[in-house]
Chemist: 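Can you read through this structure? Questions will come right after.
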Amino acid sequence: MADHSRDPCPVVILNDFGGAFAMGAIGGTIWHGIKGFRNSPIGERRIGAISAIKARAPVVGGNFGVWGGLFSTFDCAVKGIRRKEDPFNAIIAGFFTGGALAVRGGWKHMRGSAIGCACLLAIFEGVGIMMQRYMAWQSKPIAPMIPESSSSGAALAA
Amino acid sequence: MDFSWLLGAKKQDPRSDSSYGEIAPTVSSIIGGENIDSSRLQQLSGVAPGQLEFLDLEGEELSDLPGSRTLLPSRGWSDDLCYGTGATYLLGLGIGGAYGLSEGLRTAPADASSRLRLNYVLNSVTKRGPYLGNSAGVLALTYNVINSSLDSYRGKHDDLNSLFAGALSGAIFRSTHGIRPMMISAGLMTLVSGAWCGLKRVVISD
């Protein structure tokens with residue numbers, strides 16, 4: 001089930017870092033642009049939107065990027081240790097990512113965050129597998145129509 | 001209890017599989033006979049062209065834009081964007097984190113306990129690192145978006161594109177601070193992108 005559109009493991013971490021950062025920064029620009037526009041008084045709406053974007057969009061991008069990069073790093077590590085590719089890679093990597101991001105919040109916070117992140121990734125993977133099965137089921141091979149024998153065709157025509 | 005569903009099954013040695021047969025074909029056993037049958041050399045040799053469908057890996061092709069060769073093989077604008085932003089972000093994060101670490105170690109109160117000291121240093125690292133990383137990442141993101149747009153508009157890539165994209169992204173980055181900081185930032189980014197072009201020429205020396 002290897003994905004051939006992605007690069008091999010050590011370099012793909014950089015790719016995921018950048019992709020997640022770009023996603024977060026662009027999404028944060030849209031999100032905080034709208035939010036800053038709506039929360040500013042009339043007459044200062046444009047400048048309010050711009051300053052909200054400047055203050056918050058890079059932070060959203062950074063948060064996304066760190067999450068994606070850590071996840072990719074742990075995913076590669078888990079792949080390297082287990083030597084196989086299946087949904088458990090992502091779940092284990094999600095567990096470690098959640099734990100690593102909450103490392104300063106104390107032991108209980110870390111445990112909760114790790115389990116929550118693993119559950120989230122399990123849901124993602126489950127939905128992904130469901131979609132895959134559904135697609136395969138939709139495009140399943142169909143047996144060709146069997147041509148009718150001449151006698152029954154004649155009977156129908158008569 | 002069997003945990004092979006979680007931890008992976010034991011690898012089977014393919015040589016122990018009996019379906020491979022006992023005797024491996026040698027050159028003389030293949031072409032030594034009186035009649036050479038092409039289908040024994042290659043099992044698909046009897047298949048007429050056009051009957052066979054090959055797997056098409058379309059996303060694997062490298063970018064064929066003239067002059068667009070970079071340090072890493074790139075498949076187009078999305079690879080440039082992701083790798084460029086990721087590498088610059090990590091670089092900024094690392095440099096900022098190292099600066100924060102040294103600053104935290106230097107300015108931590110001398111009479112603090114080790115626990116307080118650790119917290120102080122960590123706070124300093126997480127204040128400086130993400131700030132520099134985020135700024136560098138946003139700059140690289142803007143630069144790459146402008147650069148790729150220019151490439152696709154002009155149909156080729158050269159140093160002029162890079163310099164212009166650098167100047168424009170620097171100007172946008174400081175666009176709310178007035179004309180003078182904008183010009184300074186644009187000049188700095190032009191210098192940085194010029195240095196990058198020079199580095200690329202030194203490394204890719206063909």
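Lettering of chains follows the sequences in order, A, B, ..., and the numbering in each one begins at 1. Given the structure is predicted, the values throughout are model-derived calculations rather than measurements.
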Chemist: Decide if atom OH of Tyr131(B) counts as having more than 12 heavy atoms of other residues, nucleotides or ligands within a radius under 6.0 Å.
Modeler: no
Chemist: Give a yes or no on this: more than 12 heavy atoms of other residues, nucleotides or ligands lie within 6.0 Å of atom CZ of Phe74(A).
Modeler: yes
Chemist: What do the steps show when you test Phe21(A) against Leu90(B) for side-chain contact (heavy atoms from CB on, under 4.5 Å), and what is the final call?
Modeler: CA-CA 11 Å; Phe21(A) 183 88; Leu90(B) 268 187; over 6 Å; no
Chemist: For Arg154(B), does the CZ atom have more than 12 heavy-atom neighbours from other residues, nucleotides or ligands under 6.0 Å away?
Modeler: yes
Chemist: Restricting to non-hydrogen atoms, name the atom on Gly19(A) and the atom on Cys82(B) that form the minimum distance, rounded to 0.1 Å.
Modeler: CA-SG, 3.6 Å
Chemist: Show the numbers, then the answer: is there a side-chain contact (heavy atoms from CB on, under 4.5 Å) between Tyr83(B) and Val11(A)?
Modeler: CA-CA 9 Å; Tyr83(B) 278 115; Val11(A) 274; 4.1 Å; yes
Chemist: Name the region of Phe173(B), side chain, backbone, both or neither, that has any atom closer than 4.5 Å to a heavy atom of chain A.
Modeler: backbone
Chemist: Please indicate whether Arg46(A) has more than 12 foreign heavy atoms, meaning atoms of other residues, nucleotides or ligands, lying under 6.0 Å from its CZ.
Modeler: no
Chemist: Looking at Asn144(B), Asn119(B), Thr126(B), Leu81(B), which one has more heavy-atom pairs under 4.5 Å with chain A than the rest?
Modeler: Asn119(B)
Chemist: Taking Val145(B), Leu141(B), Leu122(B), Leu93(B) one by one, which has the highest count of heavy-atom pairs under 4.5 Å against chain A?
Modeler: Leu122(B)
Chemist: Between Lys54(A) and Val138(B), does a side-chain contact (heavy atoms from CB on, under 4.5 Å) hold up when you go through it step by step?
Modeler: CA-CA 10 Å; Lys54(A) 274 179 62 90; Val138(B) 164; over 6 Å; no
Chemist: Compare every heavy atom of Val59(A) with every heavy atom of Asn134(B), then report the nearest pair and how far apart it is.
Modeler: ND2-CA, 3.7 Å
